[in-house]
Each structure stands twice: as C-alpha cells, then as structure tokens.
Amino acid sequence: MFEAVSPKTNFAELEEAILAFWAAEGIFEKSVANREGAPEYVFYDGPPFATGLPHYGHLLAGTIKDIVPRYWTMQGRRVERRFGWDCHGLPVENEALKDLQEKQGLSLSGKYDIEQYGVDKFNEYCRSIVLRYTKEWEIVVKRMGRWVDFENNYRTMDPSFMESIWWVFKQLWDKDLVYKGYRVMPFSWKLSTPLSNFEAKMNYKDVQDPAVTVRFRLVDRENTAVLAWTTTPWTLPSNLALAVGPDIQYVEVVDEEDGGHLILAEARLAHYRKVTKKSLEVVKTHEGRDLLGSKYQPLFDFFAEEGDYNAFQIIESGHVTTKDGTGVVHMAPAFGEDDFHACKAAGIRMVDPVDVEGKFTAPVSDFEGMNVKEADRHIIRALKDRGLLFHQGVLNHSYPFCWRTDTPLIYKAIDTWFVKVEAIKDRLLASNAQITWVPEAIGTRRFHNWLNEARDWNISRNRYWGTPLPVWESEDGSDFIAVGSVEELERLTGAQVDDLHSHFIDKLTIEKDGKTYRRIPEVFDCWFESGSMPYAQKHYPFENKEQMEANFPADFIAEGLDQTRGWFYTLTVLSTALFDKPAFKNVVVNGLILAEDGKKLSKSKRNYPDPMLIINNYGADCLRSYLINSPVVRAEPLKFSEKGLTQIYRGVVSPLWNAYSFFVTYANLDDYQPEGDLTGSPHELDRWIISRFQSVVADVTRHMENNLLYNVVPELENFVDELTNWYIRRSRRRFWRSDDPTEQRHAFNTLYYILVNYAKALAPLMPFLCEAIYRNLAMGQGPESVHLCDYPVADQSLIDTVNEERMALARRVVEMGRSLRVAHDLKVRQPLAEISVVPPQGEGAVIDAMAAIIKEELNVRTVNVLEDETTLVHYSARPNLKALGPRLGKSMKVLNPAIRGLEHAAIQGLLDRGSIELEGHTLTVDDFLIDRNTREDRVVATERDLTIALDTHLTESLLLEGEARELVNRIQNLRKEVGLNVEDRIKLAIRGEGVAGCLAQHAAYIQEETLAVALNEGDATAEAHEREINGKKVWIGLVKA
RNA sequence: GGGCUUAUAGCUCAGUUGGUUAGAGCGCACGCCUGAUAAGCGUGAGGUCCCAGGUUCAAAUCCUGGUAAGCCCA
C-alpha cells in the first residue's frame, strides 16, 4: 500500500517535513559523498554581504545555484557547494558606524574620529557585527530547498582567505602588474577621507556658487587673453593648463572697456554679450586646434616652475563643451578627473596644495591655512585687483554634499594603487571568448565591450575594515616591499602573526639596508577579495594545491547582471593575470526583480509580499518554478507578481499533485504493486504518454546541458496538460473497472512509470514535491531519496512517432468537432449520428484507427472517412512562397494575384492532374497552398488539410439517447445534492412527459451510470424533485438502497 | 553623454534559417462538470508586431535612423 495522498495537501507543511527528513538522514551530504571519485562539477558561490536580510534577488540566484548542481549530481558528477560571506568593506563600516551611534551614542564621522576611537576597537566592532544575519540567511536559503554547505563556508575575513589574497597580490606585483598612482575622487574634508562615487551621489543639494570668468593672458600675443570659466575659484591657484575642443569654433573679440582682445567659443559669445552688456566685436575666428600649444601667463606664481614641465599652455580635451562657460576649460589636475587625464596626456605634472582638511598648504602662501570654500572670495578679490577677472556671476546648480556631515564635497587626487588591466586587455578578451554566457549577448557584447574599454583597476581603499595591502614603504618613500605570505612577513619582521587585519600588522616594521619600512595605510577593494575567491576559499597555494589546480576554472557560476562590472570582472582579471584562463566556463546571468508596478523593490514602500509569506502560501517549489520561468533568467527584469505564482500553481504544481493523488487512490483500492516491464503496454494511450515522456526527458536534458533554464517549465506545463487532460481523462475508466485485470495493470504500470520518472526528471527544479512523490511510490526500493537517483535517460526505443502523430490528428479532429458543436449550439450530451472527416492525404486509416476515441469525445455514433471533400468545401489557392519564391523571384509579382484568383474548378483540375499552366509557368500541386472554405449551408469546419462535418439530423433514437444522458446528468446532480457518497447504491423513480419511450430503451444504461438497483419500483417516489429536460418537466425521486 | 537589453492581444510573454492565415497563459464572453482536480474543463472574441526609411519577389524577423523603458558606466 502507498501512503494515502490528499489532493488538498498543505505544501508548506509537506516541504518542512521533507527538510526534516533531509537533515535527519544527511541526504545532501550523501548526494556529494556518493559521487566520491566521480568527475567534479565545479561551482563557485559568489559571496553576499550579510549586513541585510536576503531578498528575492538572492532567492532567485540561489534557485539557479541549486537547480544546476542538483542536475549535475544526478548526472553522476561530484558537486561541492560551499557558501561564502563577503565580510569586508564600506557597507560593513557604515553599518558599524550606524550601530555605534544607535547603541552607544558615539557619533564617529571620518578618519580622525575613527582613529581616535581606535582602529583596533573599530575593526573588532566590524568583525562582531558582520555575521549577525547569517542565521536568518541560513534559514531562508534552506527553506528555499537550496543545498549548500554553511558549515564549511568561506569568509573573506578569515586569516587563510586573507593570506591567499596577499599571495594573489604578490603574484601581480612580481609580474609588474601593480603600480602606485593618483586618482581624483569625491572627497569630504570634514571626514578627511575620499568617498566612493556611490556615496557621492547620496546627497545632492541645490546651491548657489560663484561663477567667475577669468582672463588668461597669452605670452606671445600682445594684449590678448583667453577666457575661462569656473564655479570653483579655489582651484585657480592650482591651474596648470587650459583645454579647448579641437573642432570647436572660437572667436577673438575686442573688449571695448580696455581695447584688449579676448578669445572664447563662438557659441558662447551671445551669452557674454548679454551678461556684460558689451558689444564684444569679432575681429577674428580660430579653430580650436589652431590654439593648441599657445602659452599663457599663470594667474599666480605659486607654481611658476611647472612652466618648465609643459604647464601653462592650451591643450585639448574631449570633454570640452559649449553648454556653459566660455568653451575653454581651466585645468587643475588635482581637482578634476577630466583635468587629471587631459593633463596627464599632455605630460603635465600634478600639484595639490590642499590638505586632507580642505585647507591650503604652504605653496599657496597667500591663502595658507584657509579652507578652500572660504578662500573663494579672497581669490576672486585678488584676481579682480590684478585685472584678471572678466566677469563675476552666480550659478544655481545641484552639487554633491557629504552624506554624513552635510558639508560640500570637493574632488581631489589621492594616492591609489592600480592593477594594470589595460596591459592585459587582449588576454582578458581571449579569456572571455572561452566562457559560455547565458544569455549570450552579455558575454559577446556587454562584457566584451566592458573589457575592451577597461581602465586600470583601482584596488586600494582608504578605509580600515579590509584586507590590508601587503606593501611596506621605506621612510623616504623611495622603495617598497610587497609581502606574499604570513611566513614571509614573520621572516621580515621577526614577529609572530596570527591575524592579518591592519590593527595587528601596522605596527610591524621591516628593517632593510639600514632603512625602516612601514605598511602603507590602504586596504583592498572588497572586489579584489571576492575576485580572489577561487584561490582564497581553498587557501591556495598554501593548502589544497593539487586539488585547486585540478578543479580550476569553475564549470559554473550564476549571479546578477550587476556583476558584469563586479564579480564577473574581478574574477576574470585575476584569473587571467595569474593563469591566463577564465575563472569560470559557464555563467547564467539573471536580471533584476522589480515590484509588480515595475518599480524597484522597496522595504519602506512595502511594494512586494514577504518571501516567507509566499513560501508558506504556495510552497518553495512553486516559487522556484515561478522565478525560473520568467524573463529574469535571460537577464531581463521581472515584475514580481503573485498572479504569476498562482499560474504556476494551477498549471504545474496542482495538476501534477492531483495526478499523483489519483494514482495512489486507485492503486490502493486495487492493491496495485509495480511489477514486470512497466513500459510494455500495447495500449494506444499508454504507448502515447510513454513516448511523449521520452521527448520531454530528452528536451529537458538538452535545456539543462545548455543552462537554458527558462525553457524547462513551459515543457513541463505542456506535458502535465497532456498527462492530466488527455491521458488520465481518457484512461480513467481503465483504472477503476477491473473487468479486465491485464488492461488495468497496463494502465497502472504506465502511470506509475511516468510519475516515478517524472519525479526524477523534475527533482532539480522541484526538489520537495518530487521527493514526496518518489519516496511514496518507490516504497523502499532504490535509493532513499530521489536526489540520490541517476537522472532519467530518454529511451529512444520507446518513442513512437507514428503513434504521436496519430494521436495529434485525433486530438485535432476532436477540437474541431467541439468547436463546431459550440458554434452551432449542439450540446455534447446530445448524441449525433455521424461525423464526416476528410483527412489529410493518405491519413484515412489513421482516422479509422482512432475512431473509438473520436466517437466518445464527440458523442457521435459513427465516424465516416470521406475521400472527396468537394461536397463540403470549395477551394481557393495561395502560392507556396517558400517553394516558388526562390525559383521564380520577381515573377511572383504577377503570379501571386493570378494564383489567388484561381477558381474552385481550376483548383480541382490542378488536384486531379497534378499540375497547371499559369502565366507561362508550369506549376505543380506542391507550389500551392490549397485552402478549403466551408459551404455555409453545412455544419462544416476546415483547418489547413483537415475538414470535418457533423450530421445534425436528429432521429428519434438519437433524441431518446440524448434524453437518457440528460436524465443521468440530473440524477447525478441529485445524488450530490442529497449528500450521497459516490459508491452508494440507490433506488430510483422517474416520471414525466414522454419519458416512457426513453426508459424503455435506456433503463439499463441509466441504472448502471447512477448505481440504481431499482427503477420505478416501490418507495422511491417519496421525494420527487422537479427538473426540466429540453423544455419538458420530469420528476425524479431517489432513496439510498 | 556612452555601452547593453527590451518594445508583439487589455496584462505577462513565446515566435527557429526572412516565406503564406503571428501563438500561449491570464483577464473577458459563452458553455460544461459526481468516479483525480472549482486553485477544474471546453469554445470564442481580441493584433497598425513602437515609428520612419531601406534591402528583398517577400520583413514581426535583416539594415539605417528615430521614439520609449530598464540595467550598467561616465
């Protein structure tokens, strides 16, 4: 006996019971251990931050990361799955700062505050909070059915992980792929720290800033100046160049005030005439490129010596526009990213006279110690006094402010360590070419373009909680030592090292050749850390050397689209730099999950349902299937909708479960045991569903091999429909009538085979339901879990194409028949004498073979195969373009209307003779598409090569039979109304106009269908119910026998 | 501003190498249901394939240029 299965099972409870079973029996561990010695299928898990709770995006990625490894496990591979945590970085530091504020009232903001609080205390605080949500993560991830090892997880803050990062860095160092440079970044002088671009975007304000237009006097032109405009006057003392656009038109105008000549963009002239109320007459025009190389006098002489190093000349920059200003841009390379790059290209050195608190330093002696913003007005005054100020105005604009302190940000060059990505660009592209991307365009276009335009990678951060850069700098700044392991550090410093965080190692100094080396202050970008994951999770090369090398690169990873610039990139850069290989061979990229209204998921707006609520309502299997059956698996956005879940539930989960419940119910009634050859039934329907199932297995296997997960669910929906709404519905009686035990056994064997193997095929996608079905049906035979089984293989010998085609034709006839009945208001309960079928060429025998099914489905007495259809239809013709087009080309222009104009008789002639002459061409039947058009006086339907007609003439006999069926229907409804069980026997009484004739013919049929042991005998009239049949009244009474 | 993606029925989406009358589900309308399932079954209506050009005998499909939305970068 199988365990009874209710069609109304609570799936959430069922899933939890299965989770308990997996945990108790260690099924996940067994699924890995069972494949010991088998070829590995290598999976890398991208580490999330545990500073927040998991959302749908994580659940989706987790589902993909579960389905694929489960599939390959069943295909015989050993798949190790370790969870990882991203522990370092700014998000953690910010969380810590917030926490310290809330819990201890400490308002630490910026470099000095943190250093005063103590980097050791701060880092340890970060360490203490970084894993605080891991328990919640584990609960949700497990509840989704994801199998992943949380115990042997990796953490980017583990000493072993950090040591491998050092090793990776040292490799790059030794390959000369690391250098120190500058980068212009948003900078908070209040916090004395650079901010990320992301942080800089967090607090924009509308403010008024001074907008000054300044004269830069040319050296070799008497009384001529170039005008440049800026909203940051404090950067003018650091000016080292002016930039123009080579293709921009410039004009030279006369300033009537002093007769001097001024140069500015033509497009900006009108603006300046307006604001200065001067006529500024044009005396000359210049192309931007003609101005390149012109020397000018520096505004101030603080950095006059830079003139010897290419400064104070006009250079070009692609960023110059004529939207505002003068079309000439003042360049202070320390304070603008575009300035920095343009000056670097022109060979100009950088000067930075502003300290970390935003104050001018000694070289700018006039303003030394003054905050830059405060200095603005003093600088303007100085320029005015010296006649260099052309115009002074005010600009309203949106400007970034520090999100922590609300002070204006400045842009400032800071020391930065880079990896030379540009130098290895070709190798990166070569690595990418070895990766299979789903969807393909991400790899061939998006990622390819990104690599192609890659700039050197800034790997250092001026923060605290991270893996320190293992670089020690000599006191005079002339020499660096890079350290690649703990052992090396211990050897160089003589100290014992247990923890690599900065508060443990920064005090260690290295003495070499009489010089003292101290560690530089920077820590790694956390992307460098996660990009080192393939090596660091194994503590490579300090441990697991052979194991790691044998299993690199990964077979598979799966992450979101945002990782194109994140993990996908850093993995690829490091693996290519180190080993000239990609870090992964296959990747599935998922898109963004949005709320139902198309907006971003937002906790505060509550525009999406809580994941745990969804899981409890629909089950994790349903959620998994929904997520996987959506555009999000092709890297497009998904609007999360509960309706979509209902659809999966109704379309796949519920019918599958009901089919299973149906099987168990009847199998138990007849004490069925699977025995013998389960696929040996000769029955048409059995062979059909078994054949269809092989195709499904073959298709799903193909999709899984290619990681095309989004193709899987539609395949299943279609099969479930075929299984329940055709196979089971058509086979129902075979399961409950045991007059032919062999026939019944075939039916049970078939359905048993389908369910067990379907459970196996679906197990990676719906691990819970499949486990439940498998465990009940297997009855202790075979492995204890479906996930320990091998994946089913499509058996080609069971595929019967002829059978499938026959069934498809029969289903088409039935569908068209139903459509005809509805269109002509002929209800199915009324039997009809005959259906005439004009089958496609040569398919007459098929219709004969399928006649029984057609008769029953359409309630007709006979199926008549017609060879000549012309009594039912008349013809029209269209050209078969696929055949004619390539052959006749342009002639189609005349042939097309000629063919469409052919009359019925002409087409009939074509069909008889096989060819026709038209417009000078000889055309055969294959060159045409013949349409059959129904004649309006007949009940005829036609569709492509198939035509059917219903004989609607109702004889007395047909009417009586129809009446009998109506009676059965009313009686069955009554049985339900009075609360009888399906197996209860009844005594029946029927009275009414003209029912006598019907009863005389069909009493036995009525009794059999309604389980009536007596008809119109004895006491059954007591409770007579009035009903109507075809406009006539009948009275029906029934009592339980 | 740049790169990529998307645009097909009221909604969510399929649509193969260019080929004829472009499909599904939901929703809607009508009908059906006691022997698994009302979270069911059947039938039907519903389309300017974003716009404009181009290539071609033939374009939802290929090309060019727009428009709109999304993601990433600046």
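Numbers restart at 1 for each chain; the letters A, B, ... are given by sequence-line order, proteins then strands.
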Under 4.0 Å, counting only non-hydrogen atoms across every strand here, what does [X] touch: a base, just sugar-phosphate, or nothing?
{"X": "A:E815", "answer": "sugar-phosphate"}
{"X": "A:L1011", "answer": "base"}
{"X": "A:P637", "answer": "sugar-phosphate"}
{"X": "A:N896", "answer": "nothing"}
{"X": "A:Y666", "answer": "sugar-phosphate"}
{"X": "A:K599", "answer": "nothing"}
{"X": "A:T564", "answer": "nothing"}
{"X": "A:R878", "answer": "base"}
{"X": "A:Q972", "answer": "base"}
{"X": "A:P879", "answer": "base"}

*Stacked pair A:Y649-B:A39, distance under 5.5 Å, angle under 30°*: yes
Can you tell me which nucleotide in [options] comes closest to the side chain of [X]?
{"X": "A:L561", "options": "B:A36, B:C72, B:C71", "result": "B:C71"}
{"X": "A:Q647", "options": "B:G25, B:C41, B:A39", "result": "B:G25"}
{"X": "A:R565", "options": "B:U20, B:C73, B:G44", "result": "B:C73"}
{"X": "A:R650", "options": "B:G27, B:U43, B:C73", "result": "B:G27"}
{"X": "A:E337", "options": "B:U43, B:A74, B:A36", "result": "B:A74"}
{"X": "A:R818", "options": "B:A39, B:C71, B:U43", "result": "B:U43"}
{"X": "A:D931", "options": "B:C4, B:U21, B:G44", "result": "B:U21"}

Please measure how far the [atom1] atom in [N] lies from the corresponding atom in [M], and state the result in whole Å.
{"N": "B:G46", "M": "B:A29", "atom1": "C1'", "result": "11 Å"}
{"N": "B:C13", "M": "B:G53", "atom1": "P", "result": "30 Å"}
{"N": "B:C73", "M": "B:G66", "atom1": "P", "result": "25 Å"}
{"N": "B:G27", "M": "B:G40", "atom1": "P", "result": "9 Å"}
{"N": "B:U43", "M": "B:G19", "atom1": "P", "result": "28 Å"}
{"N": "B:A68", "M": "B:G31", "atom1": "C1'", "result": "42 Å"}
{"N": "B:C49", "M": "B:G23", "atom1": "C1'", "result": "12 Å"}
{"N": "B:G54", "M": "B:C11", "atom1": "C1'", "result": "34 Å"}

Is [X] close enough to [N] that one of its side-chain N or O atoms is under 4.0 Å from OP1 or OP2 there?
{"X": "A:R634", "N": "B:U5", "answer": "no"}
{"X": "A:S641", "N": "B:U12", "answer": "no"}
{"X": "A:R446", "N": "B:U5", "answer": "no"}
{"X": "A:R732", "N": "B:A36", "answer": "yes"}

Is it the case that more than 12 heavy atoms not belonging to [X] sit under 6.0 Å from its [atom1] atom?
{"X": "A:E3", "atom1": "CD", "answer": "no"}
{"X": "A:E440", "atom1": "CD", "answer": "no"}
{"X": "A:E856", "atom1": "CD", "answer": "no"}

_Any heavy-atom pair between the side chains of A:I971 and A:L1038 that's under 4.5 Å?_
yes
_Counting C-beta onward and ignoring hydrogens, is there a side-chain heavy-atom pair between A:W457 and A:D525 closer than 4.5 Å?_
yes
Donor-acceptor side-chain pairing of [X] and [Y] below 3.5 angstrom:
{"X": "A:W450", "Y": "A:T564", "value": "no"}
{"X": "A:N896", "Y": "A:R900", "value": "yes"}
{"X": "A:Y618", "Y": "A:E642", "value": "yes"}

Complementary nucleotide for [N] - Watson-Crick or wobble, under 3.5 Å:
{"N": "B:A7", "value": "B:U67"}
{"N": "B:C49", "value": "none"}
{"N": "B:G19", "value": "B:C57"}
{"N": "B:C41", "value": "B:G31"}
{"N": "B:A24", "value": "B:U12"}
{"N": "B:G1", "value": "B:C73"}

Using whole Å, report how far [atom1] of [X] lies from [atom2] of [N].
{"X": "A:I930", "N": "B:U21", "atom1": "CD1", "atom2": "P", "result": "15 Å"}
{"X": "A:F568", "N": "B:C73", "atom1": "CZ", "atom2": "P", "result": "14 Å"}
{"X": "A:K643", "N": "B:G25", "atom1": "NZ", "atom2": "C1'", "result": "11 Å"}
{"X": "A:D721", "N": "B:G40", "atom1": "CG", "atom2": "P", "result": "12 Å"}
{"X": "A:L881", "N": "B:U56", "atom1": "CG", "atom2": "P", "result": "18 Å"}
{"X": "A:M892", "N": "B:A59", "atom1": "CE", "atom2": "P", "result": "12 Å"}
{"X": "A:L895", "N": "B:U20", "atom1": "CG", "atom2": "C1'", "result": "14 Å"}
{"X": "A:N458", "N": "B:C73", "atom1": "CG", "atom2": "C1'", "result": "16 Å"}

_Tell me if the side-chain of A:R729 makes a donor-acceptor pair with the base of B:C41, cut-off 3.5 Å, by modelled atom types._
no
*Specify whether A:F663 and A:Y752 have parallel, tilted or perpendicular ring planes, treating 30° as the upper limit for parallel and 60° as the lower limit for perpendicular.*
tilted
*Along RNA chain B (nearest heavy atom to each residue), the more 5'-positioned of A:N880 and A:N449*: A:N449
*asked:* Return whichever of A:K639 or A:K882 has its heavy-atom-nearest nucleotide of RNA chain B closer to the 5' end.
replied: A:K639
